[in-house]
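Okay, structure first, notes after.
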Protein chains: 2
Amino acid sequence: MAFQALADPSRRAMVERLVQGPASVSELAKPLAMSLPGVMQHLAVLEASGLVVTEKIGRTRTCRLEPKVLTRAEQWIADRRALWERRFDRLAQYLDETKDE
Amino acid sequence: MAFQALADPSRRAMVERLVQGPASVSELAKPLAMSLPGVMQHLAVLEASGLVVTEKIGRTRTCRLEPKVLTRAEQWIADRRALWERRFDRLAQYLDETKDE
DNA sequence: CCCATACTTAAGTTGATACTTAAGTATTGT
DNA sequence: ACAATACTTAAGTATCAACTTAAGTATGGG
């Protein structure tokens with residue numbers, strides 16, 4: 001679900017903001033040419049994915065990044081890339097070993 | 001566009017298959033409880049994202065992974081995670097420096 | 001030449017996404 | 001108490017995404 005969450009540019013912008021530290025909903029909304037409810041919906045997706053956790057204190061909700069899910073997504077890619085590279089190396093090795101033909 | 005492409009489980013399955021080496025369209029389709037045109041559409045998304053390149057020889061189209069885009073996506077996450085960790089470190093340092101209060 | 005193979009194109013359906021506006025509900029400052 | 005702030009909920013619309021079936025187009029083997 002993390003890739004799904006990161007697929008939208010507005011949500012990526014929100015993540016980029018939260019990388020700098022916690023923010024309220026309206027702080028997240030400010031740079032986003034979009035109504036507040038629109039932002040709330042994106043925030044809900046980010047929370048559902050586990051990328052962001054929020055806590056409401058008084059009338060403001062504070063949002064912060066939860067990097068575990070970010071790490072998992074990164075790891076998924078890294079693992080696949082590693083597999084691909086391993087295969088590529090085996091191929092190179094094979095080509096090298098049979099170059100006498 | 002890479003996150004968008006990786007957001008769908010069928011497309012991730014296709015990527016996982018291609019990590020093992022090139023495959024034809026029908027090889028990609030085989031494990032996928034889906035019609036061939038359905039697979040073609042996913043393949044088009046993967047190609048548009050640059051994650052996969054294909055080449056048609058005779059009547060079979062061979063698909064292979066292009067890891068550059070995978071690396072870019074990985075890097076995007078790694079960069080944000082690094083920023084987040086840097087901020088976290090600064091915070092810890094700040095808390096440490098002011099702990100006399 | 002003929003038929004099976006391997007895709008490809010077109011078109012349609014369904015459901016999910018990305019918004020919107022309008023009308024709430026709590027909290028806070030005066 | 002009252003008004004402003006900070007979200008929240010509900011409901012509606014429009015576009016996109018993920019399929020489907022039906023009907024093609026090459027290509028390759030016999």
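In what follows, chains carry the letters A, B, and so on, assigned in the order in which the sequence lines appear, proteins first and then strands, with residues in each chain numbered from 1. These numbers were taken from a predicted model, which means no experiment stands behind them.
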Treating primed atoms plus P, OP1 and OP2 as sugar-phosphate and everything else as base, which nucleotides of nucleotides 19-30 of chain D get B, S or - for protein heavy atoms under 4.0 Å? BBBB----BS--

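- Phosphate contact (OP1/OP2 of C/dA6, side-chain N/O of B/Ser24, threshold under 4.0 Å): absent.
- The aromatic rings of B/Phe3 and A/Phe3 sit parallel, their planes meeting at an angle under 30°, below the 60° perpendicular limit.
- Taking only side-chain nitrogens and oxygens, B/Lys56 comes nearer than 4.0 Å to OP1 or OP2 of C/dT8.
- In terms of heavy-atom proximity, A/Ser49 sits nearest to A/Leu46 at OG-O, 2.8 Å.
- Of the two residues near DNA chain C, A/Arg11 and B/Leu43, the one whose nearest nucleotide lies more 5' is B/Leu43.
- D/dC7 atom P lies 10 Å from atom NZ of A/Lys30, rounded to whole Å.
- For A/Leu32 and C/dT20, the CG to C1' distance is 15 Å, given to the nearest whole Å.
- When hydrophobic clusters are built by joining Ile, Leu, Val, Met, Phe, Trp and Tyr residues whose side-chain heavy atoms come closer than 4.5 Å, directly or via intermediates, A/Val45 is not grouped with A/Val39.
- Spacing between atom CE of B/Met14 and atom P of D/dA18 amounts to 12 Å, rounded to whole angstrom units.
- Not a single donor-acceptor pair under 3.5 Å links the side chain of B/Arg17 to the backbone N or O of B/Pro31.
- Between the CE atom of A/Met40 and the P atom of C/dT20 there is a distance of 14 Å, given to the nearest Å.
- Side-chain heavy atoms closer than 4.5 Å link hydrophobic residues (I, L, V, M, F, W, Y) into clusters, and following such links, possibly through other members, connects A/Leu83 to A/Trp76.
- Judged purely by distance below 3.5 Å, without hydrogens or angles, the side chains of B/Thr54 and B/Glu47 pair a donor atom with an acceptor atom.
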